[in-house]
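Convention: sequence-line order gives letters A, B, ...; per-chain numbering from 1.
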Amino acid sequence: MIEVGSLLPVIFWGIYTGCVYILLATGLNLIFGVMKVVNFAHGEVMMIGCYICYWIWVLSGVNPYLAIIPAMITMFFIGILIERATFRAILGVGKLSEIFISLGIIYVLQNVAALLWTSEIKKIISPYEKIIDSFFGASLPRDYTITILVMIAALTMLYLLLWKTRIGMAIRATSQNRDAAMLMGVDVEKIDMISFGLGSALAAVAGGLFALQRMFDPYIGAVPAIKAFAVIILGGLGSIPGAIVGGLLYGLAEALGEHFFGNPWRDATGFAILIIGLILRPEGLFGEKEA
Amino acid sequence: MFENIKSLIEETGLRETFSGNNLNLIILCLFGLCILPVITRDMHIIGLITAAMIFIIYASSWNLLAYSGQGSLGHATFWGAAGYVSILLAEAYDLSPWVTILIGALFSAFLGFLIGLTCVRLREWFLAMVTFGFAIIAETLVKIEPISDITRGDFGLWTSHKIASSISLFGFKIPAYITQYYVITIVTIIVLLVIRIIWKSKLGIAFAAIRENELEARTMGINVPKYKLIAFVISTFLAGLAGGLRVHYWRSGYYICPETFHVHYSFLPIIFCVSGGLNTVEGPILGTLVVYLIFEEGLRFIFAGYERFVAVGLLMILIVIFLPKGLVSILRKYIPSGTGVTSVKENERKEGEKRAKEK
């Protein structure tokens with residue numbers, strides 16, 4: 001019998017790493033909902049977010065959790081730039097073009113980052129590194145709590161933006177029906193740019209949290225991005241609640257996989273679950289079945 | 001017998017391929033390939049071209065998969081697995097690399113069959129994801145405990161078995177790198193010819209039909225999962241062939257390590273195919289030559305570091321936006337009669353013209 005007490009830290013750890021996937025997957029889903037494109041370079045956008053947080057932290061010495069806010073704003077504009085320069089041109093051309101243009105962006109962003117910041121491994125050191133709180137008898141590092149709170153704050157902000165503002169209404173309208181939104185006077189191209197920027201800003205939050213969790217270099221983006229994509233597939237394409245549930249499940253599966261099978265199995269466990277999930281339910285856990 | 005061959009040539013459109021401007025171009029290319037080692041004996045240049053040949057096989061295997069309307073983000077699974085099988089067998093049983101490369105490629109086709117069984121029902125994004133997952137799992141497998149005893153984990157494996165070693169001919173001593181160049185060139189030409197024949201056969205027409213419209217293909221009585229699976233198996237076999245050739249040739253150092261399964265190697269064939277032009281035989285050739293030779297190696301002398309990868313990325317973006325049919329479309333301007341484009345619509349147009357003439 002496995003002791004529950006020993007599993008609790010593993011579960012917390014799973015949720016803690018799941019936060020990054022949730023934020024990435026939500027951003028991807030937002031972009032997919034509006035533009036119907038999948039940005040495979042989302043992980044690289046996150047990686048740039050890591051470096052911007054790192055830069056702000058090194059140069060100004062502020063609390064790294066606060067550095068996430070300016071990083072978000074910067075990434076919002078970088079996201080707008082990426083959308084305008086690349087994805088706008090191939091909108092509606094075909095699914096393969098999206099993969100290809102993403103590959104191009106991946107190469108550009110990775111190597112620009114390597115040029116700017118070298119390919120050395122870096123890490124942001126958290127000011128709360130050694131502080132451990134105890135909750136209900138389980139000891140929980142304070143970083144975990146703050147990470148989860150940051151994730152919840154970011155998603156709440158997104159919720160308020162989407163449901164309480166006019167721009168949010170336009171974004172929702174565009175993702176429901178692009179043509180109808182256009183007829184109602186919504187500038188869909190502007191909405192494309194804004195939602196891509198929002199997705200990138202969420203990726204910057206994920207990047208900041210990632211940089212605090214683990215070491216990073218310009219090549220870390222690919223695996224988290226593909227994991228976020230797996231989360232989306234598990235949760236259903238375009239569904240934000242699905243992304244949250246899927247992200248939590250995926251993070252837990254990874255943590256448990258590492259706990260039971262050992263460190264090298266971390267990445268493989270998640271993908272094994274994805275593959276089994278897809279074989280059993282080819283349309284995703286929450287996805288609607290297409291005719 | 002002779003009639004059979006004649007009808008095969010007719011049926012597969014080989015005569016059409018080898019005629020007019022095409023024939024001249026092909027003969028020119030073959031002649032150039034034959035005399036290249038006479039012009040230059042520079043080990044680096046010949047090594048580069050040989051490496052490009054292997055990547056042409058690899059990219060063409062991906063292209064074949066794309067021809068049937070499927071995509072894979074994890075082709076490195078097959079190319080790496082075949083390399084490992086080949087190197088392990090060659091070392092353990094002292095077999096000729098030709099046997100082990102073939103076994104490796106068959107193993108990779110078998111893997112492709114198993115993965116394909118689960119994958120062919122999935123739609124494009126999902127398929128790409130799952131294949132990517134398999135590449136990660138493969139990389140993990142060769143690194144972990146029971147298997148890493150054989151594969152030596154991160155250290156990788158060496159082999160002493162080469163696909164061709166130095167020979168002496170008419171008193172001349174031909175070094176190993178030149179014999180390997182010729183051997184790999186011949187294999188590449190055979191592979192390209194086979195792909196061409198497949199595309200022009202009934203199998204290829206079925207692939208194209210599935211790619212253009214899966215639902216229509218189904219209503220025409222094409223067993224879609226079966227043909228998708230066939231495409232998957234052929235593609236993985238060829239990817240395995242490329243992976244096997246790679247480990248037994250000098251520029252890889254007769255060495256393989258888990259790095260082979262890396263994302264980079266899954267993305268390379270996609271980049272080569274797209275920049276060259278999808279669904280054409282010559283696309284991957286052109287794409288590999290331009291991207292691999294010029295950008296990955298040629299620019300090394302001008303841009304030393306990461307700049308050349310930025311250049312590759314920018315080139316990709318520009319090609320996707322401005323040349324959606326790839327670099328081949330530039331070539332087409334000068335050599336109008338296509339050697340490989342066989343979209344269903346084009347076939348229909350040709351048929352229509354034929355009928356109009358008969359009338």
Side-chain angles (χ1 to χ4, degrees), chain A residues 32 38 40-41 85-86 88-90 93-116 118-119 218-219 221-223 226-227 229-230 232-233 237 261-276 278-279 282-284 287 290, chain B residues 66 69 71 73-74 115 117-119 121-145 148 153 215 262-264 266-268 270-271 273-275 278 295 305-322 324 326:
Chain A
F32 180 83
V38 173
F40 264 89
T86 57
R88 170 84 56 90
I90 55 133
V93 171
K95 290 208 166 57
L96 280 174
S97 305
E98 295 159 21
I99 298 189
F100 304 149
I101 214 149
S102 304
L103 286 184
I105 298 170
I106 286 173
Y107 270 72
V108 171
L109 290 183
Q110 272 183 358
N111 294 292
V112 164
L115 278 174
L116 286 176
T118 73
S119 55
Y219 308 104
V223 174
I226 300 285
K227 280 179 188 165
F229 203 74
I232 288 180
I233 287 176
L237 220 54
F261 304 123
N263 188 36
W265 279 99
R266 225 182 96 89
D267 291 342
T269 320
F271 280 111
I273 284 172
L274 167 77
I275 291 163
I276 295 164
L278 276 183
I279 292 167
E283 65 278 355
E290 270 181 41
Chain B
L73 278 182
I115 294 175
L117 272 184
T118 62
C119 285
R121 289 180 307 127
L122 302 173
R123 273 171 289 122
E124 55 283 281
W125 288 123
F126 297 82
L127 177 68
M129 274 308 313
V130 170
T131 45
F132 187 89
F134 276 111
I136 300 265
I137 291 175
E139 190 177 352
T140 315
L141 277 178
V142 296
K143 278 189 198 168
I144 56 155
E145 253 309 312
S148 67
L215 195 67
H262 198 260
V263 192
H264 181 65
S266 294
F267 285 174
L268 275 183
I270 311 178
I271 295 173
C273 284
V274 176
S275 48
L278 273 175
F295 278 94
Y306 302 109
E307 290 94 338
R308 63 202 162 94
F309 291 110
V310 177
V312 172
L314 288 177
L315 180 84
M316 284 266 312
I317 293 172
L318 291 178
I319 285 177
V320 173
I321 294 176
F322 295 108

Member of A:T86, A:I99, A:I101 meeting the side chain to side chain contact (heavy atoms under 4.5 Å, CB included) criterion with B:V320: A:I101

Per-residue contact mode, A:I90 against chain B (heavy atom under 4.5 angstrom): side chain

Segment of B:L73 engaging chain A (4.5 angstrom heavy-atom cut-off): side chain

Between chain A and each of B:V274, B:I270, B:I271, count heavy-atom pairs under 4.5 Å; write down the option with the most. B:V274

Please look at A:I105 and chain B and tell me whether the side chain, the backbone, both or neither of the residue comes under 4.5 angstrom of a heavy atom of that chain. both

Atom of B:F309, atom of A:Y107 and distance for their closest heavy-atom approach: O-CB, 3.8 Å

